[in-house]
Amino acid sequence: MNNDLLEKAASESETEKLEHEKNLQIIEGYRPIDDSFMRELFRDDIPLTEYVLRIITGIKDLNIIRSETQYDLHHIAGARSLRLDVLGTDSKGRQINLEVQRADAGATSYRARYHSSALDIEFIKPNEEVTVLPETYVIFITENDVKGKGKLIYQYERREKDGSELGDDTHIIYVNGAYDKDGDTSDLAKLVHDFRCSQAKDMLTKPLADKTRMLKETPEGVDTMCKAIEENNKRIIRNNKIEIAVNFIRLGKNSYDEIAEATGLTVEEVEKLAETLNHSA
């Protein structure tokens, strides 16, 4: 191997080492309130999903039979796409969407309404009666007290002005991630405390601490998190490419071949984007 190849290999090795160290720092600082870490916490982990949802909903006998992270809703033709952090289905058919939101702007009442209506559309089949709509829960765990009343949990259902329930089986819940009241030893208060922790040793709930410890303190878990960071970076790069392509398409000044060359997407991908935007070349 000549000197040029040796220098190139050494440079690539050093770059990989620096990237790995950077990833380790990111992993060390992760908390469950961070969506990237939260998704890995709940990925393929029905027991942990069930444990957390039982505490938040107050349904002690909640029996989760399916749990998916980064669930894409497909049945909203022509509407804004939506990817759910966690979607749990229980033995009674209830659909429970769990989201973490650090930014207040991502946890507005309108956002919760959209998630709730999107679940309705996703889980009703063509020609089915609306009476078969499942009971749904949309849960936002927020870093700040977005509702501003200092409460640990805010629970909303549609009601008549006299206070009587509409009874449409839709529930919207906000969990205040900033809640830190001295003396509150409830399970939900402990859970909220743990969602702010970056270290397993500081957590109060064993299931969350055990999974955090596995992901952060074992070779297998760290490898999983490093791969998740790499995939997330790839996703961000691809989304940026798509955003640039969409802007080009809307301007209407370039051919699909030119847009593909400029963004690194394939011509077929650009054509599909244009079709989605109802654009004709």
Side-chain angles (χ1 to χ4, degrees), residues 1-27 29-30 34-40 42-44 68-87 97 99-108 110-111 114-115 117-119 121-122 215 222-281:
M1 184 179 293
N2 61 40
N3 289 338
D4 288 343
L5 291 176
L6 286 172
E7 289 178 3
K8 181 180 179 182
S11 176
E12 290 176 349
S13 177
E14 183 64 23
T15 300
E16 290 176 359
K17 180 180 177 182
L18 291 173
E19 189 68 26
H20 183 67
E21 290 176 352
K22 180 182 177 182
N23 288 344
L24 291 179
Q25 291 177 356
I26 293 172
I27 294 168
Y30 269 149
D34 299 310
D35 57 358
S36 296
F37 187 55
M38 181 258 209
R39 292 184 190 119
E40 297 308 316
F42 290 95
R43 190 183 302 280
D44 301 323
E68 299 181 61
T69 55
Q70 294 183 294
Y71 182 90
D72 287 306
L73 298 181
H74 301 293
H75 297 171
I76 320 172
R80 176 175 173 172
S81 62
L82 193 59
R83 173 173 285 184
L84 308 182
D85 285 346
V86 179
L87 179 65
N97 171 209
E99 301 283 318
V100 291
Q101 288 290 344
R102 294 187 59 188
D104 293 359
T108 65
Y110 293 107
R111 181 67 176 266
Y114 187 61
H115 277 241
S117 60
L119 287 176
I121 295 172
E122 178 78 357
L215 288 174
V222 171
D223 183 59
T224 296
M225 290 308 308
C226 285
K227 289 178 180 177
I229 291 173
E230 291 170 5
E231 288 302 314
N232 188 55
N233 290 338
K234 290 178 183 178
R235 186 163 51 249
I236 291 172
I237 292 171
R238 177 169 174 77
N239 288 343
N240 288 339
K241 290 180 178 181
I242 291 173
E243 184 177 351
I244 293 170
V246 166
N247 290 335
F248 271 126
I249 294 168
R250 285 174 173 164
L251 285 172
K253 295 181 179 180
N254 301 87
S255 69
Y256 294 162
D257 286 338
E258 290 171 333
I259 296 172
E261 184 177 355
T263 61
L265 298 175
T266 66
V267 175
E268 290 76 15
E269 288 172 327
V270 174
E271 289 174 345
K272 288 181 180 179
L273 284 174
E275 184 179 348
T276 301
L277 295 168
N278 294 319
H279 176 87
S280 58

Sequence neighbours excluded, which residues qualify as side-chain hydrogen bond (donor to acceptor under 3.5 Å, both in side chains) partners of [X]?
| X | result |
| --- | --- |
| Glu261 | none |
| Asn233 | none |
| Asp35 | none |
| Arg235 | Asn232 |

Could you tell me if the side chain of His115 sits less than 4.5 Å from the side chain of Arg111, heavy atoms only? yes
Under a 4.5 Å cut-off applied to non-hydrogen side-chain atoms, are Met225 and Asn23 in contact? no
By side-chain contact (heavy atoms from CB on, under 4.5 Å), which residues pair with Ala228, not counting sequence neighbours? Glu40
Which residues satisfy the side-chain contact (heavy atoms from CB on, under 4.5 Å) test with Asn254, sequence neighbours excluded? Phe248, Glu258, Ile259
Name all residues meeting the ring-ring contact (aromatic ring centres under 6.0 Å, His included) criterion together with Phe37; count only those two or more places apart in sequence or in a different chain, and write none if there are none. Tyr30
Just to verify, what does [X] make a salt bridge (charged side-chain N to carboxylate O under 4.0 Å, His left out) with, not counting sequence neighbours?
| X | result |
| --- | --- |
| Lys272 | none |
| Glu99 | none |
| Asp85 | Arg39 |
| Glu231 | Lys234 |

Side chain to side chain donor-acceptor pair (under 3.5 Å) contacts in which one or both residues fall within residues 237-248, not counting sequence neighbours: Arg238-Glu269
What's the verdict on side-chain contact (heavy atoms from CB on, under 4.5 Å) for Met38 and Val86, showing C-alpha distance, side-chain angles and the deciding distance? CA-CA 9 Å; Met38 181 258 209; Val86 179; 3.8 Å; yes
Out of Asp223, Ile229, Thr224, which one pairs with Lys227 under the side-chain contact (heavy atoms from CB on, under 4.5 Å) rule? Asp223
From Asp72, Thr69, Leu119, residue fulfilling side-chain contact (heavy atoms from CB on, under 4.5 Å) relative to Leu87: Leu119
Identify the two heavy atoms, one from Gly29 and one from Asp34, that lie closest to each other, and give their separation to 0.1 Å. O-OD2, 4.0 Å
Nearest heavy atoms of Gln101 and Gly106, plus distance in Å: CD-O, 3.1 Å
dist Leu273:CG -> Tyr256:OH (nearest 0.5 Å) comes out at 9.5 Å
